[in-house]
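All heavy atoms count here, side chains included; hydrogens, waters and symmetry mates do not.
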Amino acid sequence: MNRAERIFHLHRLLQGRQTPSLARLMERLEVSRATIKRDIEYMRDFMQAPIEYDPHANGYHYASDAPAFELPGLWFNESELLALLTMEQLLEDVQPGLLSPMMGPLKQRIREALESGGHAHTELRRRIRIQPLAQRAGPAETFQDIAEATLNAHPVMIEYHGRARNAATHRTVHPQRLLHYRDNWYLIAWCETANDLRTFALERIRDCQRVAGPLREVDAASLDQHTDAAFGIFTGPATEWAELRFTAEHARWVADETWHPDQIGRHEGSAYHLQVPYSDPTELIQEILRHGEGVEVIGPPALRERVATALRAAARQYEGSSPA
């Protein structure tokens, strides 16, 4: 049995009317003398268990003059502690400071428990690492304010500086969902100005202030339709299907990728055909261009022409022998 199971049984034995001898504990738990002593020290150090040694019985019992001891309501075995601390490390890489105020005290206790078992928490950081790509960092305070508003369901007034118009606007929004997409965070919210759902990049929110009034709730099905119906972060119902043909070399990667939950993929000889629903083609074009000569847009014609135009414009920049 693992340590968590041993501690549970050890606790029951120590609660008995008679002091269990060390030999009886070893027999019942099927472990060595050293293991029993390590478990008792663990309970004393990390659970503040009032365990005393009885030299006459050569055993252990709970101190009679101490308050009745019960195991903590939430405790973990070693593998669960490692998993929990690993999750904290992953979240810290995804969004630094996201859980620091809540996880700080618990994280310290987890690290102490791990180190008592011979595992240094620094090994997790050394051996497990997330390498973000094109992560856009925003103020930690803004993230905390938006996360709090989303979890506690109250509207906020934000100052939002959109990249498309390169201008700041002030609007009251009703947070519905936080979305982590391609190493960046987005707020899905009902916007009073647009009178519709909108997606806001968190790093472009310059200010966030709580406002009075109830939150306008949007049902989960509508939120899913807003975020999942078409390819990429450009939301809304899909209006077109892109058909792409990848060369054999690129097919070895793309055939294992999920571009959209509703995509249709098939092999035709050495090539791979992929069909993807989309609404706004902006991000889809960027993804297509990333594959260069390894992909051809079969349709629709408008998408094929936009990709061809982008490729011709890119090629013109390399005409001649040196940069302009």
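- Between G213 and P155 the shortest heavy-atom distance is O-CD, 3.4 Å.
- Side-chain atoms of T199 and H226 include a donor-acceptor pair closer than 3.5 Å.
- Note: F69 and H11 have perpendicular aromatic rings, judged against thresholds of 30 and 60 degrees for the angle between ring planes.
- None of V218, D224, T150, L187 except one satisfies the side chain to side chain contact (heavy atoms under 4.5 Å, CB included) rule with R177; the exception is D224.
- The NE2 atom of H56 sits 10.5 Å away from atom OG1 of T19, with the distance rounded to the nearest 0.5 Å.
- Note on M43 and F46: same hydrophobic cluster, where clusters join Ile, Leu, Val, Met, Phe, Trp and Tyr whose side-chain heavy atoms are under 4.5 Å apart, directly or indirectly.
- Shown here are the side-chain contact (heavy atoms from CB on, under 4.5 Å) partners of H273, two or more places apart in sequence or in another chain: E243, R245, R266, E268.
- A 6.0 Å sphere centred on CZ of R204 holds more than 12 heavy atoms belonging to other residues, nucleotides or ligands.
- In this structure the side chain of Y272 reaches within 4.5 angstrom of the side chain of L274, judged on heavy atoms.
- At a threshold of 4.0 Å, the pair E41-R44 counts as salt-bridged, since one of the basic side-chain nitrogens sits closer than that to a carboxylate oxygen.
- Using modelled atom types, one finds a donor on one side chain and an acceptor on the other under 3.5 Å when comparing E305 with T309.
- Taking CD of Q176 as the start and CD1 of I188 as the end, the distance is 9.5 Å to the nearest 0.5 Å.
- Enclosure of atom CZ in R165 is not indicated, since only 12 or fewer non-hydrogen atoms of other residues, nucleotides or ligands lie within 6.0 angstrom.
- Residue V156 comes nearest to V211 through the heavy atom pair N-CG2, 3.9 Å, listed as atom of the first residue, atom of the second, then distance.
- Cluster membership for I285 and I298, using ILVMFWY side-chain heavy atoms within less than 4.5 angstrom, is not shared.
- Note that CE of M157 and CD of E192 are 8.0 Å apart. Values are rounded to the nearest 0.5 Å.
- Between H250 and V295 the shortest side-chain heavy-atom distance does not fall below 4.5 Å.
- Here the closest non-hydrogen pair linking P300 and A242 is CD-CA, 4.0 Å.
- Between L289 and Q286, the closest side-chain pair of non-hydrogen atoms is not below 4.5 Å.
- Remark: I51 CD1 to Y42 OH distance equals 12.0 Å, nearest 0.5 Å.
- Remark: I288 CD1 to L303 CG distance equals 4.5 Å, nearest 0.5 Å.
- A distance of 6.0 Å separates CZ in R38 from OG in S32, rounded to the nearest 0.5 Å.
- Heavy atoms of other residues, nucleotides or ligands lying less than 6.0 angstrom from CD of Q18 number 12 at most.
- Side-chain contact check for Y53 and N58: at least one donor-acceptor pair (N or O, by modelled atom type) lies under 3.5 Å.
- Side-chain contact between Q15 and E70 is present, with at least one heavy-atom pair separated by less than 4.5 Å.
- For the pair Q263 (side chain) and F231 (backbone), a donor-acceptor distance under 3.5 Å is absent.
- Side-chain contact between E296 and R304: present, with at least one pair of heavy atoms (C-beta onward) separated by less than 4.5 Å.
- The hydrophobic cluster containing Y62 also contains I36, counting ILVMFWY residues as joined when their side-chain heavy atoms lie under 4.5 angstrom apart, directly or transitively.
- The two atoms that bring C191 and R198 nearest to each other are CB-CG, 4.0 Å, heavy atoms only.
- Classification of the F200-Y160 ring pair by plane angle, with boundaries at 30° and 60°, yields perpendicular.
- Here the shortest heavy-atom pairing between P67 and P50 reads O-CG, 4.5 Å.
- Using a 4.5 Å cut-off on side-chain heavy atoms (C-beta onward), Y60 and K37 make contact.
- Remark: the backbone N or O of H154 is not paired with any side-chain donor or acceptor of R210 at under 3.5 angstrom.
- Residues I264 and W241 meet the side-chain proximity criterion, which asks for heavy atoms closer than 4.5 Å.
- Annotation: side chain of W259 is in contact with side chain of V254 (closest heavy-atom distance under 4.5 Å).
- With salt bridges taken as basic N to acidic carboxylate O contacts below 4.0 Å, one links E287 and R290.
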